[in-house]
Amino acid sequence: MTSRIAPKALAFTAFCLLLPAVPSAVRAQQLSPEEQRIVEYVDAHGDDALALLERLVNVNSGTMNPEGIRRVAELLAAELEPLGFETRWVDLPDSLRRAGHLVAERTGTRGKRLLLIGHLDTVFDEEGPAGRFTMGDGIARGPGVVDMKGGDVVIVQALEALHQAGALEGTTIRVVFTGDEESPGLPLSVARRALIEAGKQSDIALGFESGSRSRDTEYGVIARRSSTAWTLRVTGERAHSSGVFSRGVGAGAIYEAARILNAFYDELRGEEYLTFNPGVILGGTDVTYDDAEKRGTAFGKTNVVAQSVVVSGDIRTISDEQLERTRAKMRAIVARHLPQTSAEITFTDGYPSMPPTEGNRAVLRVFDQVSRDLGYGAIEPFDPGRRGAADISFVAPYVDGIDGLGPYGSGSHTPDETLDLESLPKATKRAALLIYRLTRGGEGAGAP
């Protein structure tokens with residue numbers, strides 16, 4: 001697979017490519033005095049991090065709640081501005097029916113130019129749970145606590161720790177908190193314009209969605225799959241059911257839809273990183289379907305051959321090439337047609353893919369070394385088939401990067417969402433030292 005390493009990142013990547021050849025015992029380093037001060041700041045300000053997390057969670061900021069999203073943005077801006085960041089609110093056009101984004105930036109000439117990515121919104125609607133942040137038994141609970149207000153807190157506190165150590169001076173760091181990650185406005189080229197522009201001005205992107213781990217292993221995300229919507233519309237001859245399969249009536253719309261879906265299953269299933277899922281199906285004599293709301297109605301009778309079917313689903317792929325090849329195969333299957341039926345399939349681009357480039361692996365190697373130096377152990381690349389789409393994919397064509405730098409939790413998108421409190425300072429220390437080493441320009445332990 002072709003690597004998309006930005007020209008200014010070549011020296012950094014070349015350095016990282018040497019790391020696997022060096023024995024781990026030689027590579028292991030003590031933290032520098034400045035790094036130690038950064039770590040100590042995080043340890044000393046755990047209560048501040050929890051207080052900020054509580055304030056954020058207690059604001060309902062569902063994607064369709066613009067006032068709540070603006071309030072979360074104000075809370076985060078108030079934390080970043082004293083650190084030397086200039087903040088601005090990016091409004092989206094009214095036609096997108098979305099709140100907008102918070103952008104914070106400081107510029108300098110030192111080290112790699114970094115883009116840190118978070119989001120302000122949650123999946124919960126305006127009437128959903130709010131003001132319910134609780135803690136107990138090492139767990140924090142509340143709507144959006146790990147997806148991704150916990151990750152937003154990691155960004156803020158990591159930058160605070162760096163600021164207190166004087167390590168932000170001369171750096172170029174941009175932070176983009178999108179306001180509609182959970183349900184992005186369309187077209188995406190407009191909804192993600194601010195993020196893409198920030199990516200084009202950066203060398204490395206770091207995403208702070210929740211971390212991933214198994215029983216014995218912790219992971220970093222070097223690749224994410226795309227998310228593309230598809231809609232299948234099938235038409236048959238409406239007639240008395242006694243005539244089904246006859247030359248004049250044919251198979252009807254429901255049999256044709258079943259043929260197509262079964263062929264998708266038989267002929268496309270099994271390719272690595274490719275999934276395709278029909279999520280909604282409506283069929284009968286009369287069908288209505290609202291694509292925006294993903295809901296509709298169907299009417300039919302058992303003694304009438306179905307005239308219409310609508311199926312809506314998604315495709316997830318690891319690359320543009322895999323997506324285009326899958327689309328072509330689906331179109332070919334749709335075009336075969338049972339007697340007296342017709343069908344068409346349309347596609348709507350969603351989140352792009354983030355392929356596993358060598359540049360991304362190089363950033364992960366630096367993150368892995370940070371984790372080892374902190375005494376937390378190795379970080380392995382995560383299987384992209386097990387993570388959904390995320391905002392970092394929009395900047396993947398322009399920068400190297402990794403995701404999943406946030407704390408650990410469970411129950412995302414449910415009322416039972418939790419965050420492992422022990423993982424919050426752990427994720428913050430890792431993030432702070434990763435940012436430190438990427439922006440050192442040759443200074444400090446482990447810096448490229």
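Not counting sequence neighbours, the partners of K294 by the side-chain hydrogen bond (donor to acceptor under 3.5 Å, both in side chains) test are D291. Judged as a ring-ring contact (aromatic ring centres under 6.0 Å, His included), and not counting sequence neighbours, the contacts of Y219 are F382. Listed by chain and number, the residues in a ring-ring contact (aromatic ring centres under 6.0 Å, His included) with F264 are W230 (sequence neighbours excluded).
For the pair L421 and I139, the minimum side-chain heavy-atom distance is 4.5 Å or more. When side chains are defined from C-beta on, R110 does not count as touching T439, because their heavy atoms never get closer than 4.5 Å. Side-chain atoms of M64 and E182, non-hydrogen and from C-beta on, never get closer than 4.5 Å to each other. Using a 4.5 Å heavy-atom cutoff, the side chains of R224 and I318 are not in contact. Contact annotation: the side chain of F124 approaches that of E417 to within less than 4.5 Å [non-hydrogen atoms, C-beta and beyond]. Side-chain contact between V280 and Y289 is present, with at least one heavy-atom pair separated by less than 4.5 Å. Contact annotation: the side chain of V103 never approaches that of V175 to less than 4.5 Å [non-hydrogen atoms, C-beta and beyond].
A side-chain N or O of T297 and one of T288 form a donor-acceptor pair less than 3.5 Å apart. For T357 and N360, the side-chain atoms include at least one donor-acceptor pair closer than 3.5 Å. With hydrogens and angles left out, the side-chain atoms of T178 and D391 include a donor and acceptor closer than 3.5 Å. Residues N277 and D314 have side chains that never bring a donor and an acceptor to within less than 3.5 angstrom of each other. No side-chain donor-acceptor contact under 3.5 Å links R316 and T228. H119 and D147 share a donor-acceptor pair across their side chains, judged by distance under 3.5 Å alone. For the residue pair S410 / T418, a side-chain donor-acceptor distance below 3.5 Å is found, with atom types taken as modelled. Between the side chains of K112 and T171, no donor-acceptor pair is found at a separation under 3.5 Å. Side chains of R430 and S371: a donor-acceptor N/O pair is present below 3.5 angstrom, by distance only.
More than 12 heavy atoms of other residues, nucleotides or ligands lie within 6.0 Å of CZ in R325, so this atom counts as buried by the packing criterion. Counting heavy-atom neighbours within 6.0 Å of D290 CG, excluding the residue itself, gives a total above 12. More than 12 non-hydrogen atoms from other residues, nucleotides or ligands lie less than 6.0 angstrom from CD of E81. Surrounding CG of D266 are more than 12 heavy atoms belonging to other residues, nucleotides or ligands, all under 6.0 Å away. Environment of CZ in R295: sparse, with no more than 12 heavy atoms of neighbouring residues, nucleotides or ligands closer than 6.0 Å. Few gaps surround CD on Q201; more than 12 heavy atoms of other groups in view lie less than 6.0 Å from it.
Residues R437 and D373 are paired through a salt bridge, judged by an N-O separation under 4.0 Å between the basic side chain and the carboxylate. E40 has no carboxylate O lying under 4.0 Å from a charged side-chain N of K429, or vice versa, which leaves the two without a salt bridge. Checked for salt-bridge contact, E218 and K426 meet the test: a charged N lies under 4.0 Å from a carboxylate O.
For the atom pair OG (S226) and CG (D320), the distance works out to 7.5 Å, reported to the nearest 0.5 Å. For the atom pair F208 CZ and D403 CG, the distance stands at 9.0 Å (nearest 0.5 Å). Considering CG of L75 and CZ of R70, their distance stands at 12.5 Å, rounded to 0.5 Å. One finds the CD1 atom of I315 at 7.5 Å from the CG atom of L274 (value rounded to the nearest 0.5 Å). Separating the CG atom in D420 from the CZ atom in R213 is a distance of 4.5 Å, to the nearest 0.5 Å. Rounding to the nearest 0.5 Å gives a distance of 11.0 Å between CG of L80 and CZ of R106.
Cation-pi geometry between R440 and Y436 is met: the NZ or CZ atom falls under 6.0 Å from the ring centre, inside 45° of the normal.
Annotation for I38 and A432: closest pair CG2-CB, 3.6 Å, computed over non-hydrogen atoms.
Tested against V156 for a side chain to side chain contact (heavy atoms under 4.5 Å, CB included), the candidates L52, L56, D48, L53 yield a single pass: L52.
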* Asked: Would V90 and L102 count as a side chain to side chain contact (heavy atoms under 4.5 Å, CB included) if you check the C-alpha gap in whole Å, the side-chain angles of each, and the deciding distance to 0.1 Å?
  -> CA-CA 6 Å; V90 179; L102 174 65; over 6 Å; no
